[in-house]
Amino acid sequence: MGNMFLRSEFASTIGSIFFFYTIFERYIPPQLRRNLQKYTHRLIGAVNPYIQIVFHESTGERLERSEVYAAIQNYLSSDSSRQAKRLKADLMRDSKKIVLSMDDYEEITDSYEGAQMSWVAAKTVKTENQPSYYSRGNGERRYYKLTFHKKHRELVVNSYLNHVLEEGKFIKVQNRQRKLYTNNRSDRMFWPRESMWSHVFLDHPASFRTLAMDPAKKKEIVDDLITFSKSKEYYREIGKAWKRGYLLYGPPGTGKSTMIAAMANLLEYDIYDLELTAVKDNTELRKLLIEVSSKSIIVIEDIDCSLDLTGQRKKKKRKRDEDDEEDEEEEKKDPEMKEAKKEMQNDKQSKVTLSGLLNFIDGLWSACGDERLLVFTTNHVDDLDPALIRRGRMDKHIELSYCTFEAFKVLAKNYLGLESHQLFETIELLLNETEMTPADVAESLTPKTAPRDVKACLRNLIEALENAKEAARLKAEEQEKKRLLKKEKKEKAAKEASTSSNEEAKREDQLTAPKEIEMNGNGKEANSTKPES
Ligand SMILES: Nc1ncnc2c1ncn2[C@@H]1O[C@H](COP(=O)(O)OP(=O)(O)OP(=O)(O)O)[C@@H](O)[C@H]1O
Ligand SMILES: [Mg+2]
């Protein structure tokens, strides 16, 4: 009986609300309605101790997805998966993980420095009077609503919102699918707003654990990288752009490119592989730089071959100039050929200059965007212009060299799962006497049969090392022979030159001697040229 009474009471309340709402909507003019709503809100605001902030999913007339909304979605994802009963799963653009978020009208709570915050996901539906850009296709406009007590206003405005944004961005970076970018050729047509970089997803398995090099040196590099990635405040304090330059040098196949991939994997950075020869000029280089995002490594491989920056390149240029002189004659005969050659040269040559590159590294533009590594690689460090590699530009110089026994042990572990073996001693001796790149050692250790025969692999390596040792011995012998031959030739030439000059002197003496005698015979003239003794 009581229950029935309650039920009818409830039904009549709902009925009254519905009745008043219909009257409100239908018979009260819009202007009055708006005023009524405004004053009701003010009245409620005066007595309600809670404050609300709304964050819409899309903003502006273009309805671009709001970065803040995305950051909140990421920030709330772990709380959502724990607290919400109805969840939505999204695979966001460039994300490698599914992001879980609470469904509409779910509520979750978050606590920050002792303050309780409540987050609700909701949506508004477009009404007839609203402009068409107000909402997306289905007429819905989503938002998150943050509610907190007014005594936490300062905390929320000054620190909680920043915390949400930073954390959300951090989670986004963690979840993002990393990319390997490369610059497009500049003579290509670009669509408006099209990026000058094209990309593929970066999925390189290299890591510092599998990189073969001296463990102490490896630790030093890893520590340096991690310290860099955590030094945002430090760089701000000392007034320096948050970037660091590395120069990796060493013979081909010693792991320079592998180390760059390991760096990117360690710090979760993107890689921008900059092909300088495809960059038209310094202005374009600057444009490319502006597009590079934070948390990235800008790589210029084989810098000695990329530009007219090095001694070697200058030598090549000199040679080219000599060739040009020979060609000039031909070109005079055929002017069309001259034009074609000119075009071809322009095609090949980038007009990026050393000063342009230095500006790229440490000019004002390079400070736009945070947390960036710049890595140069070269096989010929001595050929580089000292201005390019001075500290401050290339802060850390790392030499990657031939395989040491320590490096071999890492490769043996990677390739064969071996910590030790009786053949290691022989290999150590041979490695001390022979220069072999880690790439060659790795190739010898790669199993050629399945299941892998560990001993056969080690024997393979020993054989390769012995061959390399023998080849080096023969080469040294050959070089010594050539040196001796050259020396002999030089000595012979010098001897011949001295005998011929002696003979000439003798001949001259013979030519001048009779004259003197003659002169002596004549008397006076001879006395005037020779000092009296
Ligand atoms: N230090 C190393 N540790 C592990 N693997 C290595 C190492 N060095 C070379 N390798 C192996 O050799 C291959 C070639 O190495 P990488 O391309 O890194 O050499 P590089 O120094 O960049 O050569 P280049 O100067 O020709 O560009 C890699 O795929 C890798 O498997
Ligand atoms: Mg390389």
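At a cut-off of 3.5 Å, with distance as the only test, no side-chain donor of Thr210 or Asn414 sits close to an acceptor on the other residue. Using a 3.5 Å distance cut-off with no hydrogens or angles, the side chains of Asn265 and Arg178 do pair a donor with an acceptor. Judged by distance alone, the side chains of Asp370 and Tyr235 never bring a donor and an acceptor atom under 3.5 Å apart. Looking only at atom types and distance, the side chain of Thr434 has no donor-acceptor partner in the side chain of Tyr402 under 3.5 Å away. For the residue pair Asp224 and Thr227, no side-chain donor N or O sits within less than 3.5 Å of a side-chain acceptor on the partner. Using a 3.5 Å distance cut-off with no hydrogens or angles, the side chains of Glu113 and Tyr160 do not pair a donor with an acceptor. With 3.5 Å as the limit, one finds no donor-acceptor pair spanning the side chains of Glu406 and Thr404. A side-chain donor-acceptor contact under 3.5 Å links Asp304 and Thr378.
Looking at Asp270, Leu288, Leu274 one by one, the single match for side-chain contact (heavy atoms from CB on, under 4.5 Å) with Tyr181 turns out to be Asp270. The residue from Leu202, Val375, Leu373, Ile298 that alone fulfils the side-chain contact (heavy atoms from CB on, under 4.5 Å) condition with Ile271 is Leu202.
Using a 4.5 Å heavy-atom threshold, the side chains of Ile427 and Leu461 count as touching. Proximity of Tyr246 to Asp395: side-chain heavy atoms (C-beta onward) are nowhere separated by under 4.5 Å. Ile260 has its side chain out of reach of Asp273: every pair of non-hydrogen atoms, C-beta onward, lies at least 4.5 Å apart. At a threshold of 4.5 Å between non-hydrogen side-chain atoms, the residues Leu165 and Tyr75 do not count as touching. With a 4.5 Å cut-off on side-chain heavy atoms, Val299 and Phe376 do not count as touching. Residues Thr258 and Pro438 form no side-chain contact, since every pair of their non-hydrogen atoms from C-beta on lies 4.5 Å or further apart. Using a 4.5 Å heavy-atom cutoff, the side chains of Asn74 and Ile72 are not in contact. Two residues are said to be in side-chain contact when any heavy atoms from C-beta on lie closer than 4.5 Å; Pro447 and Leu416 meet this criterion.
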Does the ring-ring contact (aromatic ring centres under 6.0 Å, His included) test come out yes or no for Trp119 and Phe55, once each step is laid out? CA-CA 11 Å; Trp119 287 95; Phe55 302 89; 5.7 Å; yes
Under the side-chain hydrogen bond (donor to acceptor under 3.5 Å, both in side chains) criterion, do Glu301 and Thr377 qualify, and how do the steps go?
-> CA-CA 5 Å; Glu301 289 253 35; Thr377 74; 2.8 Å; yes
Passes ring-ring contact (aromatic ring centres under 6.0 Å, His included), His163 versus Tyr112? Steps please. CA-CA 9 Å; His163 161 78; Tyr112 179 73; 4.7 Å; yes
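In the displayed structure, Arg473 atom CZ is contacted under 6.0 Å by more than 12 heavy atoms of other residues, nucleotides or ligands.
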